[in-house]
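A quick note: this is a predicted structure, and the numbers were derived from the prediction, not measured. Both counts, for ligands and for their atoms, begin at 1 and track the order of listing.
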Amino acid sequence: MTLIEGHEPIIPAAGIPVWDIDPYDESVLRDPQAYYAELRRLGDVVYIPRYSVLAVGRHKITQKIFGDHENFVSSRGVGLNDFKLGKPWREPSIILEVDPPEHTKTRKVMARALSPKVMKALASLFNEIAEQVVDGIVQKGTIDAVTELAEIFPTTVFPKVLGMKDVNARFLVDYGAMVFNGVGPDNALRRNSMSKASEIVPWITNACARDRLTEDGLGALIYADADNGEISHAEAAMLVRSFLSAGVDTTVTGIGNALWCLSQNPAEWEKLKADPKLFRPAFEEVLRFTSPVHTFARTAGRDTEIAGFPVQEGTKVLCVLGAANSDPEKWGDPEVFRIDRKPVGHVAFGAGIHGCVGQNLARAELEAILSAMLAKIDRIEPAGDPVWRPNNAIHALDKLPLKLIQK
Ligand code: OVV
């Protein structure tokens, strides 16, 4: 049988709505709301012949599939390629692209390195760097908030937190784009990102080695667990690679999207100024409203069902997190950005056993950068049209011209 995007084509069960759409068309990726709405309208589950996959976008069913790791596995890849049928572009991640019981051990090690206690100890470093970054832009008046702020903060703070000796912000951002475009189809986005692989992948691999890490970072915490026998040293290097894969592009996107939300909704910025306790809910609302990771897939590990329809083993299921996070059935008025919504149950960090293990670090970064901005900046205003940067799994800005009005 000829594969489609590296997986077995399926014959969808009778009654599943069929939709002739390319969810990875660049215009859809730039402005996905109409796609999200139609996906939800069509049903609990939809067949997309273009890639011979199923897709879910209603909140309830998306959360259910993410919660059901026994039927919907990650070990066959969280993109369109089925790792059981072909060699993936890189060694599979030993935390993302595995199932229990293998997943349980690596998840524990990562969760410990990223615990609230560790994050608390890092808060002063986050604040110090955030202040420096904001000091560097506050005088400028008008900035591109993507290249001058959103990309700068994580690429400065994250290597320090990890204890990286090798610094190359461009490689970190490009590797993230590669990993996230990599879960999509073999389109121009994926091919363009991958064209840098021969230069970047060896650099990333080297940067994860123990001798390229300091003794005092999160990388050292992971290697300490190898010393005490909980994992092997090779596994430690792979988990450090997971930090680099999942930690940079995502937080760059979270910061950029937060500034987009707040600059487009000045009343919400004012609310935040008046009540800094709203930081946390404000960031959750940014995540719900913009879904920085818009889509991840699962694979049916055995014959199963979705919403009563039979689903054959090997079926790829696109879980459209952006659609779930804008489902009116769940949120009432999803199109409104309200920093005090407290959107409990959003799936921007995923859900279930693979739910983002670094989410506390992401929140800590956002809190630091927003506090530093609120301390020195009275208002932020759009200074031109935002431009979105299409990516097969990430909904991020390419340009965000902002005017900063100093206090
Ligand atoms: C959540 C996530 C995204 C991308 C890569 C990885 C994890 C990884 O473990 O490599």
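- Ring geometry for Y51 versus Y24: interplanar angle over 60°, hence perpendicular rather than tilted (30 to 60°).
- By the side-chain hydrogen bond (donor to acceptor under 3.5 Å, both in side chains) test, D225 is found to be paired with R112, N228, residues two or more places apart in sequence or in another chain being considered.
- Residues that satisfy the ring-ring contact (aromatic ring centres under 6.0 Å, His included) test with W260, not counting sequence neighbours, are W388.
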| task | Verify salt bridge (Lys or Arg N to Asp or Glu O under 4.0 Å) between E151 and R389, making sure each step is shown before the conclusion. | result | CA-CA 13 Å; E151 288 189 353; R389 179 190 299 171; 3.4 Å; yes
Between the protein and ligand 1, which nitrogen or oxygen pairs come in under 3.5 Å, and how far apart is each?
unit_1, atom_1, unit_2, atom_2, d
ligand 1, 9 (O), S93, OG, 2.7
ligand 1, 9 (O), S242, OG, 2.6
ligand 1, 10 (O), R90, NH2, 2.9
ligand 1, 10 (O), S245, OG, 3.4

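- Listed by first and then second residue, the salt bridge (charged side-chain N to carboxylate O under 4.0 Å, His left out) pairs involving residues 57-73 are D44-R58 (not counting sequence neighbours).
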| query | Does the salt bridge (Lys or Arg N to Asp or Glu O under 4.0 Å) test come out yes or no for E313 and R76, once each step is laid out? | reply | CA-CA 11 Å; E313 181 271 326; R76 292 167 75 167; 2.5 Å; yes
